[in-house]
Amino acid sequence: MSRRLLAALALALTAMPLLAAGFTPLDRAAARQLTEAGSYRQPTIVALWSADCSHCKKNLQLLAGLVKRNKQLRVITVAAEVAEAGHVPLLDRYALPGQRYVYGSDSPEAIAYAIDPSWAGELPRTFLFDGAGGKAKLSGVLDQPTIEKATGLRF
């Protein structure tokens with residue numbers, strides 16, 4: 001077997017538990033759609049995170065609390081890395097509802113560029129949509145007033 005085939009097989013076997021846990025592999029086309037303001041008819045946050053990013057975990061915890069206080073908020077999470085077994089328990093710990101994505105088979109750089117051509121890869125990276133065509137993007141730790149201003153929601 002070729003090395004490329006073995007690598008693809010190893011990735012597929014690693015990703016199976018994640019797919020069973022509700023993670024969807026993200027490709028360039030889907031990544032572009034995730035950050036299109038016209039795609040959202042209700043206030044939505046797309047949160048990019050990584051398993052080894054402490055600030056990302058702070059954002060996920062904040063978002064989980066805000067979703068509990070206002071059911072109008074929709075949160076979509078994107079693990080900005082290839083599939084890892086640690087993704088499932090990390091998101092489950094926060095009981096954060098919503099769609100879960102993980103970088104798929106396209107190169108990570110291509111997916112990152114499709115998400116935001118001006119993004120330098122810093123995490124956490126968050127896109128906030130008001131559901132009426134408005135969009136804000138932020139890098140770093142979120143706070144409730146910023147989320148309220150960008151989404152038009154109160155918590």
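In this chain, residues are counted from 1 in sequence order.
In this structure, the separation between CG on Asn59 and CG on Leu63 is 6.0 Å, given to the nearest 0.5 Å. Put simply, CZ on Arg28 and CD1 on Ile115 are 12.5 Å apart, with the number rounded to the nearest 0.5 Å. Rounding to the nearest 0.5 angstrom, the gap separating the OH atom in Tyr94 from the CD atom in Gln61 is 5.5 Å. Atom CZ of Arg32 and atom OH of Tyr113 lie 9.5 Å apart (nearest 0.5 Å). Taken from CD1 in Ile45 to OG1 in Thr126, the straight-line distance is 7.5 Å, to the nearest 0.5 Å. Taking NZ of Lys58 as the reference point, atom CG of Asp143 lies at 12.5 Å (rounded to 0.5 Å).
Among residue pairs with one or both ends in residues 30-145, those qualifying as disulfide bond (SG atoms under 2.5 Å apart) are Cys53-Cys56; sequence neighbours excluded.
The shortest non-hydrogen separation linking Phe23 to Tyr101 is CD2-O, 3.8 Å. Between Ala37 and Gly133, the closest heavy-atom pair is CB-O, 3.4 Å. Across all non-hydrogen atoms, the minimal contact from Ala30 to Asp27 is N-OD1, 2.8 Å. Val78 and Tyr103 make their closest contact through CG1-CE1, 4.1 Å (heavy atoms, listed as atom of the first residue, atom of the second, distance). When all heavy atoms of Gln42 and Arg74 are compared, the closest pair comes out as NE2-CB, 3.5 Å. The two residues Asp130 and Pro43 make their nearest non-hydrogen contact at O-CG, 3.8 Å.
Ser39 and Gln33 share no side-chain donor-acceptor pair at under 3.5 Å. Side-chain atoms of Thr77 and Arg100 form no donor-acceptor pair, as typed in the model, at a separation below 3.5 Å.
By the 30° and 60° cut-offs, the orientation of the rings of His87 relative to Trp49 is perpendicular.
Taking the side chain as every heavy atom from C-beta outward, Leu128 and Leu138 approach each other to under 4.5 Å. Residues Asp116 and Thr35 fail the side-chain proximity criterion, which asks for heavy atoms closer than 4.5 Å. Between Val67 and Pro97 there is a side-chain heavy-atom pair separated by less than 4.5 Å.
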What side-chain donor-acceptor pairs closer than 3.5 Å can you find for residues 148-155, not counting sequence neighbours?
residue : atom : partner : partner atom : Å
Glu148  : OE2  : Gln144  : NE2          : 3.0
Glu148  : OE2  : Phe155  : N            : 3.2
Thr151  : OG1  : Ile147  : O            : 2.7
Thr151  : OG1  : Leu153  : N            : 3.3
Arg154  : NH1  : Glu148  : O            : 3.4

